[in-house]
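Just below is one structure, and these are the notes that go with it.
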Amino acid sequence: MASIRGSLLIHISALFRIVLLFNLTNLSFAADPFANFDLELSYITVSPLAVPQQVIANKLDENLLITWSGVQMRRSSWQDGVLGTNCPIPPKWNWTYQFQVKDQIGSFFYFPSLNFQRAAGGFGSFIITNRNIIPLPFNTPDGDIVIIIGDWYTRNHTALRKSLDAGNDLGMPDGVLINGKGPFRYNSTLVPDGIDYETINVDPGKTYRIRVHNVGVSTCLNFRIQSHNLLLAETEGYYTSQQNYTSIDIHVGQSYSFLVTMDQNASSDYYIVASARKGNWPLPDPPNDVYDTSYALNQAMSIRQNVSASGARPNPQGSFHYGSINVTDDYILKSVPPVMIDGKLKATFNGISFVNPDTPIRLADSFKVKGAYKLDFPTKPMNRTPQIDISIINATYKGFIEVVLQNNDTVVQSFHIDGYSFFVVGMGYGEWTENSRGSYNKWDAISRSTTQVFSGGWTAIMISLDNVGVWNLRAENLDRWYLGQETYMRIINPEDTGNKTELPVPDNALFCGALAHLQKPQETTSSASTVRGYVKLYFTLLMFFT
């Protein structure tokens, strides 16, 4: 729980800890097209839930990659920060990410993508604002507030990895954190004394844009503010039809921004709550719908795109009429509970538990490495024994595809695609059939990069494949992702011979696997960061305005 303190006092209820490194806010520049930031990652010891533990903030002794959830990395999957596209950054090394944020606005976040590290922190908010010439579809807020929520374990990420490696379930999280802090002591029995909680200052009568990211391990959290409405304004880079909610489910990997007016009595305290649906929580209560599976689904489908608003460009978001485009390919990705494969606990899509190639996919292409991966990922579930493989999807550039996510697992899943946003056109319970297409929203479906797929149900999405590269498709639930529930889409433009649709291999590319012999040792004398023994990252945002 955290409190918003000042003239208004809002307490935020949560049981998990996150480490917020920094917020990249107000990325809107009038002249200089480059913005440079430094990021150092290491370990620190904190006690967000009154138990001392090691979390990631700076000095780090493991390989590292940072991925940028929702940032599309146009033409440059080289910067995506996952193992299928990048060799890992070794400990004590420096590396620079350089990418465009052209044609995007909105609320995103970054996090470490390797070895379950996100469960130990290392993440933060990444905000891209409108250019001044493009108006917001609402009055300019009086302030901007970032709230990062997520479930949290008092075991560190290496212990959680070992548990999964041993074939065990992670068990229930130990709590929920907000902005890296534990719960306000709303109950002396449930919450021990001495836990630091979040305080946020606001002024009565003012309206704030509150951006909320769920960066947790696997728990969907219901978010609400006592006695205040949440006017939904944007999710993962797209403006929404503005609707008021008293509470909203935020699934793992999802981001939202709300307009909240501080219109209540300034002499009172107000709680902000992030809790699991079935938790035993004080006010404000979560939705009383444990046995009503339709409530969560209907709420998810009520989130629609504002088709008349302009996003990163002056043209309205609805000018892309996705509902009238012919589908060129369709896929069904089916997930089931983890199974034992070759004596190891594994999670699968279509019976395949993915193992990352030793040589990243586009590096293997560029240097003609044979056998690094297979282009034979099945388009639908196969009636065969589950297997571990390096199969990826051979997608078609400029295609328009339908992907049905069939969740026959026992848990709610979050599904994410790097490099793209997709239209969430339908959801339902039971098995998807071709007749399910009759329920699709073909006009104002929300476009986003992470969607929920309810247990025992399906979600249908549509994607316009206009971004060349290799892009990760994954379960955002960390345990399922770690156990192999992912693959990649390889999208190549065979007519591009001049790097117009895909940038070349960057000059600072790291080499590994079959290309490890090409990697030069990194100089350590010129950088204090390497002497002190931590990974230091730099990244440059290229802002091209048209």
Side-chain angles (χ1 to χ4, degrees), residues 65 67-86 99 103-104 106-111 113 126 213-214 235-238 251-255 300 305 320 322 327-335 347 349-350 352 354 356 361-362 377 379 391-407 413-427 445-453 458-478 480-481 484-492 502:
L65 285 173
T67 193
W68 318 82
S69 184
V71 180
Q72 293 177 6
M73 301 295 170
R74 304 295 299 181
R75 304 190 302 145
S76 188
S77 59
W78 310 107
Q79 310 294 330
D80 198 35
V82 286
L83 280 176
T85 59
N86 296 90
F99 55 88
D103 292 342
Q104 283 197 269
S107 308
F108 311 100
F109 65 93
Y110 62 89
F111 66 91
S113 65
F126 189 101
H213 312 280
N214 185 343
T235 178
E236 296 160 27
Y238 289 86
H251 293 259
V252 176
Q254 291 186 332
S255 300
Q305 188 160 227
F320 183 78
Y322 69 91
V327 172
T328 58
D329 296 284
D330 51 83
Y331 301 84
I332 300 175
L333 299 187
K334 184 176 182 179
S335 57
F349 278 136
N350 290 358
I352 294 177
F354 188 78
N356 278 288
I361 295 164
R362 287 302 282 147
F377 190 88
T379 60
S391 299
I392 66 173
I393 296 172
N394 187 20
T396 303
Y397 178 57
K398 291 293 186 179
F400 187 74
I401 66 172
E402 172 193 39
V403 180
V404 176
L405 309 165
Q406 180 69 53
N407 181 10
Q413 295 261 6
S414 288
F415 177 85
H416 177 86
I417 298 181
D418 286 349
Y420 285 95
S421 292
F422 47 75
F423 296 97
V424 183
V425 295
M427 290 184 187
I446 190 61
S447 187
R448 63 187 315 163
S449 59
T450 305
T451 186
Q452 61 270 56
V453 192
W458 56 269
T459 295
I461 62 176
M462 291 183 172
I463 318 169
S464 178
L465 301 182
D466 61 351
N467 192 13
V468 172
V470 172
W471 305 106
N472 189 226
L473 289 74
R474 62 178 179 264
E476 198 65 47
N477 306 48
L478 273 188
R480 299 303 195 258
W481 185 10
Q485 201 165 77
E486 65 173 323
T487 187
Y488 286 81
M489 282 195 305
R490 179 179 177 268
I491 302 165
I492 304 301
E502 183 183 27

Which residues satisfy the ring pair (Phe, Tyr, Trp, His ring centres under 6.0 Å) test with [X], sequence neighbours excluded?
X      : value
Tyr322 : Phe423
Phe422 : none
Phe111 : Phe109

For [Y], does its backbone N or O pair with a side-chain atom of [X] as donor and acceptor, under 3.5 Å?
X      : Y      : result
Tyr397 : Val468 : no
Thr67  : Asp80  : yes
Gln406 : Trp458 : no
Asn86  : Trp78  : yes

Pairwise side-chain contact, [X] with [Y], heavy-atom cut-off 4.5 Å (strictly under):
X      : Y      : value
Ile417 : Val403 : no
Ile461 : Phe415 : yes
Thr85  : Asn472 : no
Tyr331 : Ile463 : no
Phe400 : Met462 : yes
Trp481 : His416 : no

At their closest point, which heavy atom of [X] faces which heavy atom of [Y], and how far apart are they?
X      : Y      : value
Arg448 : Ser255 : NH2-O, 4.1 Å
Ser113 : Gly81  : OG-O, 2.7 Å
Gly253 : Glu236 : O-OE2, 4.2 Å
Gln104 : Gly70  : NE2-O, 2.9 Å
Gln485 : Ser335 : NE2-CB, 3.3 Å
Gly419 : Trp471 : CA-CE3, 3.4 Å

*salt bridge (charged side-chain N to carboxylate O under 4.0 Å, His left out) partners for Asp418, two or more places apart*: Arg474

*Parallel, tilted or perpendicular: rings of Trp68 and Phe126 (30°, 60°)*: perpendicular

Not counting sequence neighbours, which residues clear side-chain contact (heavy atoms from CB on, under 4.5 Å) with [X]? List them please.
X      : answer
Ser391 : Ile352, Lys374, Asp376, Phe377, Asp389
Ser414 : His251, Val252, Thr450, Glu476, Asn477
Arg490 : Ile361, Arg362, Asp365, Tyr373, Leu375, Ile392, Asn394, Val470, Ile492

Under the side-chain hydrogen bond (donor to acceptor under 3.5 Å, both in side chains) test, residues paired with [X] that sit two or more places apart:
X      : answer
Ser447 : none
Ser421 : Gln72
Gln254 : Gln452
Asn356 : Glu486, Tyr488

Interatomic spacing from [atom1] in [X] to [atom2] in [Y] - rounded to 0.5 Å:
X      : Y      : atom1 : atom2 : result
Leu465 : Ile393 : CG    : CD1   : 9.5 Å
Gln305 : Ile446 : CD    : CD1   : 5.0 Å
Thr451 : Leu405 : OG1   : CG    : 7.5 Å

*So which pairs with a foot in residues 459-469 pass salt bridge (charged side-chain N to carboxylate O under 4.0 Å, His left out), sequence neighbours left out?*
Arg74-Asp466

*When Asn407 is tested against each of Val453, Leu333, Thr459 for side chain to side chain contact (heavy atoms under 4.5 Å, CB included), which residue passes?*
Val453

*asked:* Could you walk me through whether Asp329 and Thr379 satisfy the side-chain contact (heavy atoms from CB on, under 4.5 Å) test, starting with their C-alpha distance in whole Å, then the side-chain angles of each, then the deciding distance to 0.1 Å, before giving a yes or no?
replied: CA-CA 9 Å; Asp329 296 284; Thr379 60; over 6 Å; no

